[in-house]
Undergrad: 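The structure that follows is given in the form of structure tokens.
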Amino acid sequence: MAVKEKIVSRDFKEYVREVNPDVGLDESIKGLTPEKIEKTIKAVLGARTARIRAVLETCIHCGLCSKACQWYLSNDGDPSYAPVAKMRMTIWEMLKRDGKVDAEFIKQCARIVFTECNICHRCSMYCPYGLDVTFIIGLVRRVCFVLGVVPQRQMDQDHAHATTLNQVWLGQNDWLDTMQWQEEEVGAEYKDLRIPIDKEGAEVMWLPLGAEPKTGIYHIERTAKIMHAAGIDWTVPGKDVWDSSNMPMFLRDFATMQRIVRGLFDNAIRLRIKKMVLTE
Amino acid sequence: MFDFIRDPSLYNLVRGPLVWIAFFVFIGGSIFKIRAMYIMARNEKAVLPFINGKAALRSLLHWVIPFASRNWRLRWPITTLTFVFHIGLVFLPLFLLSHNILIHESWGITWWTVSEGFADAVTLLVIFSCVAFFLRRVFASEVKFVSSSSDFLILAISFFPFLTGFLAFHELLLPYKWMVILHMIFGEIMLMAIPFTRLGHMFYFFMTRTWMGSQFALWNSKDW
Ligand code: HEM
Ligand code: HEM
Ligand code: SF4
Ligand code: SF4
């Protein structure tokens with residue numbers, strides 16, 4: 001097996017990683033200036049709110065959160081994967097240097113917060129104070145997102161949401177077409193099975209993940225069968241937004257995130273449905 | 001206090017006015033910090049409406065009782081250490097005979113005290129815990145990576161009142177009077193440091209747990 005090339009972080013000698021090229025990180029930092037970075041950090045972290053302060057002023061640096069983290073566990077207890085270490089290498093340093101960090105540092109932050117943390121909240125279940133490390137990671141993601149430094153695949157999903165309100169670049173026509181096509185398919189097996197589109201007053205509105213109508217079409221068919229067999233009065237929305245995956249939330253792209261949530265609730269109100277059922 | 005005006009010696013200074021100042025800074029500073037955090041939380045709008053008293057209480061109870069949470073069980077050596085350390089640190093000074101005597105001299109009140117032998121044993125345990133915490137900070141990789149001078153400083157602030165109290169009691173190292181003066185100074189430093197360093201976790205603990213306990217209840221899961 002070939003030995004993979006490693007890089008040792010300039011800022012933290014314990015942070016040693018395999019070289020992993022990503023256009024979203026490597027190219028996007030080229031346009032950054034120190035002024036822009038400082039301004040962004042101050043805009044995101046400047047108003048030190050209760051939730052930020054509570055974490056920074058309470059964390060006793062005890063490391064008891066480490067065994068919560070799958071990254072720490074699956075990398076043989078490498079301390080640079082511990083939740084508190086991720087705060088140390090990102091937000092503590094940004095605040096210590098008063099926002100005066102360079103593009104290389106931002107790239108390293110982006111690698112840490114986007115590719116070495118799943119914002120799963122497990123560390124909050126292990127920290128004796130229940131500190132919201134995830135919230136802090138989210139803030140650093142916000143800094144990186146505003147600066148445009150995001151792994152390419154994640155940024156692409158965000159762009160898809162911003163443009164089409166779903167993760168897979170599916171137009172409204174394609175969405176409706178897929179639903180009807182699937183209804184026909186199942187019709188061969190169940191004569192009276194319907195995939196009701198825009199049925200007002202239905203009990204349940206089903207909201208798939210973007211990938212289901214795009215690449216996991218059989219999920220639609222199966223969901224329809226389950227709803228049919230369970231005798232549920234259900235519907236799917238005929239208008240955007242129908243994709244319940246909210247990738248912008250993970251990037252802390254708040255504008256797009258809110259458009260999606262609002263769109264889902266608008267459909268619920270328009271159709272006067274009682275429950276939303278999401279794929280997870 | 002009046003002793004100091006009559007005889008302004010170093011002993012009377014640390015035994016009189018500085019004790020008052022220390023308690024004033026400790027209590028006043030703590031109230032100020034708690035109030036400031038509360039006001040910030042109120043202004044943030046997304047915090048107070050989500051507080052769930054019952055969930056907060058359940059979360060708190062699971063974390064102030066030894067081994068009641070998963071991580072306390074998983075990390076049982078540190079759990080034992082931290083509970084011995086904190087119980088000694090918070091309760092021993094309150095029920096110490098010598099502290100009670102001082103309070104009696106000043107205000108004429110006393111309350112229940114522990115025997116001197118027991119106090120001495122607990123003091124030694126706290127000193128031992130501090131040393132263990134120190135070694136953990138130096139040798140455990142996940143702690144070492146995130147330790148800075150401020151961590152050693154707050155550990156020292158917690159350590160010295162116990163060390164000097166112990167040395168004074170046994171009249172070791174320095175003449176009794178000098179060691180007691182040192183002890184009082186370190187005790188006062190510790191009290192004054194609590195609101196303004198990360199030792200403020202003494203009260204923030206209850207606030208952060210209240211928040212996370214409420215959040216996890218909202219997500220239908222447990223945070224212990
Ligand atoms: C605020 C000012 C304080 C004053 C004036 C004070 C005064 C004293 C005095 C006079 C003694 C007697 C020593 C002896 O037995 O002869 C003592 C012992 C002791 N003090 Fe304090 N103290 C103060 C704060 C503290 C604090 C904050 C702590 C710890 C949190 C503390 C922990 C102890 C301990 C553990 C001993 C006894 C050690 C032993 O019996 O082995 N004191 N203190
Ligand atoms: C009564 C309320 C208090 C609570 C609930 C509390 C809780 C905690 C918790 C949960 C930890 C982290 C676990 C650990 O590292 O062992 C901790 C650590 C610590 N506490 Fe407290 N604490 C309290 C009061 C105090 C006070 C009054 C002091 C000292 C003045 C203190 C000094 C420390 C120190 C020095 C550590 C860090 C130990 C290390 O280096 O890892 N605590 N406390
Ligand atoms: S939120 Fe991130 S740091 Fe915390 S346990 Fe999950 S993956 Fe690890
Ligand atoms: S467990 Fe909590 S207090 Fe300890 S290092 Fe992790 S986040 Fe900080």
Side-chain angles (χ1 to χ4, degrees), chain A residues 9 11-16 47-69 71-73 75-93 96 120-136, chain B residues 33 36-48 56 59-60 63-64 69-72 74-75 78-79 82 133 136-137 140-148 150-151 154-155 196-216 219 221-224:
Chain A
S9 158
D11 308 275
F12 311 100
K13 66 176 186 336
E14 294 88 346
Y15 189 81
V16 182
R48 217 69 66 70
T49 60
R51 281 186 289 170
I52 305 183
R53 271 183 198 263
V55 177
L56 297 177
E57 294 184 16
T58 308
C59 178
I60 204 92
H61 312 170
C62 65
L64 289 178
C65 44
S66 52
K67 282 191 181 158
C69 188
W71 293 91
Y72 179 82
L73 294 175
N75 284 288
D76 306 322
D78 178 340
S80 65
Y81 283 102
V84 57
K86 291 169 200 173
M87 296 204 286
R88 186 212 156 177
M89 292 186 290
T90 58
I91 191 167
W92 294 3
E93 207 61 26
K96 201 167 102 191
C120 68
H121 260 123
R122 257 174 75 94
C123 34
S124 303
M125 303 166 108
Y126 279 60
C127 169
Y129 307 101
L131 296 182
D132 202 342
V133 178
T134 312
F135 175 73
I136 299 293
Chain B
K33 283 290 205 172
M37 185 59 83
Y38 174 78
I39 291 173
M40 273 193 295
R42 197 181 58 196
N43 291 344
E44 205 175 335
K45 296 212 169 59
V47 178
L48 297 189
S59 168
L60 273 166
W63 285 94
V64 294
S69 70
R70 178 178 155 78
N71 208 16
W72 279 154
L74 216 59
R75 303 281 202 143
I78 301 163
T79 308
T82 198
F133 274 136
R136 187 168 175 265
R137 238 175 232 298
S141 63
E142 81 274 26
V143 194
K144 185 179 163 199
F145 184 52
V146 293
S147 294
S148 57
S150 68
D151 297 300
I154 60 174
L155 195 55
F196 303 105
T197 59
R198 279 181 290 111
L199 292 176
H201 71 269
M202 182 176 167
F203 41 83
Y204 285 148
F205 171 84
F206 298 93
M207 304 176 99
T208 54
R209 277 248 79 91
T210 297
W211 167 243
M212 211 22 94
S214 305
Q215 287 278 291
F216 272 84
W219 303 327
S221 49
K222 302 187 287 186
D223 64 341
W224 56 82

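The sequence lines fix the lettering, A, B, ..., with proteins before strands; numbering per chain opens at 1.
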Undergrad: Relative to chain B, which segment of A/Met89 carries a heavy atom at a distance below 4.5 Å: side chain, backbone, both, or neither?
TA: side chain
Undergrad: Looking at B/Trp224, B/Phe133, B/Phe205, which one has more heavy-atom pairs under 4.5 Å with chain A than the rest?
TA: B/Phe205
Undergrad: Relative to chain A, which segment of B/Leu199 carries a heavy atom at a distance below 4.5 Å: side chain, backbone, both, or neither?
TA: neither
Undergrad: For B/Arg42, is it the side chain, the backbone, both or neither that has a heavy atom under 4.5 Å from a heavy atom of chain A?
TA: neither
Undergrad: Please report the shortest heavy-atom distance between B/Ser141 and A/Pro79, naming the atom on each side.
TA: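 Here B/Ser141 and A/Pro79 meet closest at O-CB, 3.5 Å.
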Undergrad: Check the orientation of A/His121 and B/Trp219. Use parallel for under 30°, tilted for 30 to 60°, and perpendicular for over 60°.
TA: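 Tilted, since the angle between the ring planes falls between 30° and 60°.
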Undergrad: By a 4.5 Å heavy-atom criterion (distance strictly below it), what part of A/Tyr72 contacts chain B: side chain, backbone, both, or neither?
TA: side chain
Undergrad: Given a strict heavy-atom distance threshold of 4.5 Å, which part of B/Val47 is in contact with chain A: side chain, backbone, both, or neither?
TA: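 B/Val47 touches chain A through side-chain heavy atoms alone.
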Undergrad: Let me know if B/Tyr38 has heavy atoms under 4.5 Å from chain A in its side chain, its backbone, both or neither.
TA: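 For B/Tyr38, neither part sits under 4.5 Å from chain A.
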Undergrad: Using non-hydrogen atoms and a 4.5 Å limit, figure out which bit of B/Arg198 sits close to chain A: side chain, backbone, both or neither.
TA: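 Contact with chain A: backbone and side chain both.
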Undergrad: Please classify the contact between A/Arg53 and chain B as side chain, backbone, both or neither, with a heavy-atom cut-off of under 4.5 Å.
TA: both
Undergrad: For A/Leu64 and B/Trp72, work out which heavy atoms get closest and say how close.
TA: CD1-CZ3, 4.1 Å
Undergrad: With sequence neighbours excluded, give me every salt bridge (charged side-chain N to carboxylate O under 4.0 Å, His left out) pair touching residues 120-131 of chain A.
TA: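 Every candidate salt bridge (charged side-chain N to carboxylate O under 4.0 Å, His left out) pair involving residues 120-131 of chain A fails, so no pair, neighbours aside, qualifies.
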Undergrad: How many angstroms lie between CZ in B/Phe145 and OH in A/Tyr81, if you round to the nearest 0.5 Å?
TA: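 It comes to 11.5 Å.
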Undergrad: In terms of heavy-atom pairs under 4.5 Å, which option from A/Ala82, A/Cys65, A/Ser80 contacts chain B the most?
TA: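 Most heavy-atom pairs under 4.5 Å with chain B: A/Ser80.
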Undergrad: Testing the basics here: between B/Glu142 and A/Gly63, what is the closest heavy-atom pair and its distance to 0.1 Å?
TA: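 Smallest interatomic distance, heavy atoms only, reads CG-O, 3.8 Å.
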Undergrad: Select one option (side chain, backbone, both, neither) describing which atoms of B/Ile78 are under 4.5 Å from chain A's heavy atoms.
TA: side chain
Undergrad: Of all heavy-atom pairs between B/Glu44 and A/Ala50, which one has the smallest distance, and what is that distance?
TA: OE1-N, 3.2 Å
Undergrad: Considering only heavy atoms, which portion of B/Ser69 lies under 4.5 Å from any heavy atom of chain A: side chain, backbone, both, or neither?
TA: neither
Undergrad: Using a 3.5 Å distance criterion without hydrogens, assess whether the side chain of A/Arg51 forms a donor-acceptor pair with backbone atoms of B/Ala41.
TA: no
Undergrad: Between B/Arg70 and chain A, which part of the residue has a heavy atom less than 4.5 Å away: side chain, backbone, both or neither?
TA: side chain
Undergrad: If I take atom OG1 from residue A/Thr58 and atom CZ from residue B/Phe203, how far apart are they, to the nearest 0.5 angstrom?
TA: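 A/Thr58 OG1 to B/Phe203 CZ: 8.5 Å, rounded to 0.5 Å.
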Undergrad: What part of B/Ile39 gets closer than 4.5 Å to chain A, counting heavy atoms only: side chain, backbone, both or neither?
TA: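 When you check distances to chain A, no heavy atom of B/Ile39 falls under 4.5 Å.
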Undergrad: Is the backbone of B/Ser147 close enough, under 3.5 Å, to the side chain of A/Arg88 for a donor and an acceptor to pair up by distance?
TA: no
Undergrad: Between atom SG of A/Cys59 and atom OH of B/Tyr204, what is the distance when rounded to the nearest 0.5 Å?
TA: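 A/Cys59 SG to B/Tyr204 OH: 14.0 Å, rounded to 0.5 Å.
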Undergrad: At what distance, to the nearest 0.5 angstrom, does OH of A/Tyr129 lie from CZ of B/Phe206?
TA: 10.5 Å
Undergrad: What part of B/Met37 lies closer than 4.5 angstrom to a heavy atom of chain A: side chain, backbone, both or neither?
TA: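 Both backbone and side chain.
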Undergrad: In terms of heavy-atom proximity below 4.5 Å to chain A, should B/Ala46 be classed as side chain, backbone, both, or neither?
TA: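 Contact with chain A involves the side chain of B/Ala46 alone.
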Undergrad: Should we count NZ of B/Lys144 as having more than 12 external heavy atoms under 6.0 Å?
TA: no
Undergrad: At a heavy-atom distance under 4.5 Å, which candidate from B/Asp223, B/Asp151, B/Val146, B/Thr210 has the highest pair count against chain A?
TA: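 Of the options given, most contacts go to B/Val146.
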Undergrad: What closest approach, in Å, do B/Arg137 and A/His61 show between heavy atoms, and which atom pair accounts for it?
TA: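 That would be NH1-O, 2.9 Å.
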Undergrad: How many angstroms lie between atom OG1 of A/Thr134 and atom CE of B/Met212, to the nearest 0.5 angstrom?
TA: 7.0 Å
Undergrad: Looking only at heavy atoms, which two atoms of A/Met125 and B/Lys222 are closest? And how far apart?
TA: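 That closest heavy-atom pairing would be CE-O, 3.1 Å.
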